[in-house]
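Report on the following structure.
Given the structure is predicted, the values throughout are model-derived calculations rather than measurements. Proteins come first, then strands; the chains are lettered A, B, ... in the order of their sequence lines, and each starts at number 1.
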Amino acid sequence: MKKILILLVLFPFALMHVNAQDFKPSNTQFMVRGYGHTGLNFYNVDGDKTSTFVGAAFSPIFLFKYNNKFIFESELEFELEGNKLNIGLEYADMMYVINNYITVRAGKFLLPFGTFMERLHPSWINRFSNKPLGFGHDGIAPSSDIGLEVRGAFPVGVSTLNYAVYVTNGPRLKTGDDEPDEAGMLLFVNYEDNNLNKAVGGRIGLLPFSNSSFEVGFSVYYAGNVGDTGSEFDGVNALLWAGDLSFVKQITPIRGIIDIKGQYNHSQIGDAVYNDPGDAARATYTFNNQSSAYYAQLGYRPSMSGNKILKNIELVTRYSTLQTPDGSLWEGNESEMSFGINYWLSWRSVIKANYHLKTKAVAGADNVDTQAFYLHWAIGL
Amino acid sequence: MKKLILILAIAISVPGIAIFLSGCEAQRSLAMQKSGAQLWAENCVRCHNIPSPSAYNDVDWETIGLHMRIRANLTAEQQQKIVDFLKSAN
């Protein structure tokens with residue numbers, strides 16, 4: 001009887017000990033984050049009106065921390081498009097911290113070409129429901145690629161300097177054999193390299209002030225050969241560069257946060273002669289393959305307001321342009337002016353009401369104006 | 001080729017500007033003394049809203065801190081101070 005009583009007294013303590021062991025964190029951690037959005041799109045293209053609810057897009061991000069130096073990241077994209085479910089691999093790479101100043105990444109990673117695609121494109125971070133003209137997967141600049149990268153950051157006095165240099169498979173030149181209208185464009189993700197040449201690039205960023213409110217960056221990306229080995233396009237090169245800036249600061253006199261972002265992309269692809277199956281008069285043609293795109297964005301949120309509703313409202317405006325080469329079958333000159341009112345439900349969940357006016361210049365004809373209104377909800381996980 | 005040289009020259013000049021801006025010793029020590037809370041407020045907002053410390057647990061913050069250090073180019077010291085603050089405040 002005495003033994004039973006002792007066991008009964010000790011049992012809760014033994015249970016507590018077991019529970020404490022159960023919840024002891026391990027060095028290895030697995031985490032799922034990500035983001036998603038859904039909403040309503042309304043378009044008016046020169047008087048032709050359409051509206052549709054757009055299917056939810058879901059982008060889970062998997063993080064596997066092996067230890068305090070090694071982490072694996074991967075992002076999948078699930079999106080409904082034309083009654084189909086599209087699944088994409090945005091990135092999947094391993095990252096290893098060598099020391100305080102050097103980290104190595106390998107795999108498919110977001111390229112630090114400017115900051116928009118690497119840091120700002122997720123729907124819960126992007127202040128608008130669409131991307132600026134010329135940015136994104138179909139843009140004139142790379143968003144991700146497969147290769148190896150070295151990056152890091154270190155203080156320089158009161159400033160912080162960050163850098164990234166990488167070598168990747170590089171882009172592939174679209175020759176027009178499959179899609180004549182896209183001859184001369186670059187296809188940036190090469191799962192299998194089309195030649196022995198690799199693209200090299202990098203970005204250097206400077207945060208000159210100790211409060212990190214301002215960052216200016218410069219990126220360059222060069223591929224000595226974007227053509228298929230042995231083809232008539234073998235040896236065509238591409239040089240791209242970008243400048244970016246960011247200023248985010250809570251300013252007491254205006255009782256809120258000012259958020260300014262901008263990026264300029266420039267692309268110059270070497271000369272090449274393309275076939276034009278749609279024009280018998282000119283069997284072949286060439287053009288100066290130069291493109292550019294930029295955006296400038298301004299946001300204000302009265303975060304210091306005493307009003308609970310007002311402090312969660314954000315006013316944003318953005319201007320973006322895209323210029324593609326004259327003489328190409330994809331030549332164009334587009335600009336877009338955007339306005340938005342965002343309401344933040346929490347630090348990572350937002351309702352966005354955006355209005356866009358896009359103007360496309362058409363040679364020898366009137367401009368095509370597209371008005372768009374988006375009402376979207378986005379959330380970060 | 002001239003363009004490439006110009007681009008490289010600009011790229012090389014950026015660290016020079018950084019060194020030029022780093023002259024003041026008093027400001028330097030001020031930057032070193034920043035707390036995790038200050039760094040959390042100043043750096044997260046560069047891309048997204050400031051997260052609540054209670055949004056994740058200590059273990060998650062370790063993983064997120066390492067991920068953000070690499071993605072957002074934080075220094076090792078900034079990462080450590082921010083994670084320590086988030087763990088102490090959640």
Using a 6.0 Å cut-off, check whether atom [atom1] of [X] has over 12 heavy atoms from anything other than its own residue.
X     : atom1 : value
A/F70 : CZ    : yes
A/N27 : CG    : no
A/Y66 : OH    : no

With only heavy atoms counted, which part of [X] is less than 4.5 Å from chain B, the side chain, the backbone, both or neither?
X      : result
A/E118 : both
A/K261 : side chain
A/Q250 : neither
A/F116 : neither
A/N126 : neither
A/V350 : neither

Leading residue by heavy atom contact count with chain B [cutoff under 4.5 Å; candidates A/V97, A/I125, A/N100]: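 Of A/V97, A/I125, A/N100, A/N100 has the most heavy-atom pairs under 4.5 Å with chain B.
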Greatest number of heavy atom pairs closer than 4.5 Å to chain B - which of A/A164, A/G202, A/S212: A/S212
For the atom pair [atom1] ([X]) and [atom2] ([Y]), what is the distance rounded to the nearest 0.5 Å?
X     : Y      : atom1 : atom2 : answer
A/Q29 : B/W61  : CD    : CH2   : 14.5 Å
B/Q38 : A/N211 : CD    : CG    : 10.0 Å
B/T75 : A/L161 : OG1   : CG    : 11.5 Å
A/R33 : B/D60  : CZ    : CG    : 9.0 Å

Neighbourhood of chain A inside residues 42-50 of chain B, taking heavy atoms under 4.5 Å as contact: B/E42, B/N43, B/V45, B/R46, B/C47, B/H48, B/N49, B/I50
Region of B/E62 that comes under 4.5 Å of a non-hydrogen atom in chain A: both
Residue among B/G65, B/P51, B/A76 with most heavy-atom pairs under 4.5 Å to chain A: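 Heavy-atom pair counts peak at B/P51.
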Residue of the set A/N67, A/L63, A/I71, A/T103 for which side-chain contact (heavy atoms from CB on, under 4.5 Å) holds with B/L66: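 The single option meeting the side-chain contact (heavy atoms from CB on, under 4.5 Å) with B/L66 is A/I71.
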Nearest non-hydrogen partners of A/W347 and B/A55, listed with the distance: CZ2-CB, 3.8 Å
Flag side-chain contact, heavy atom, 4.5 Å: [X] against [Y]:
X     : Y      : value
B/Q78 : A/P155 : no
B/V59 : A/K65  : no
A/E73 : B/R71  : yes

Backbone of B/I70 reached by a side-chain donor or acceptor of A/R151 within 3.5 Å: yes
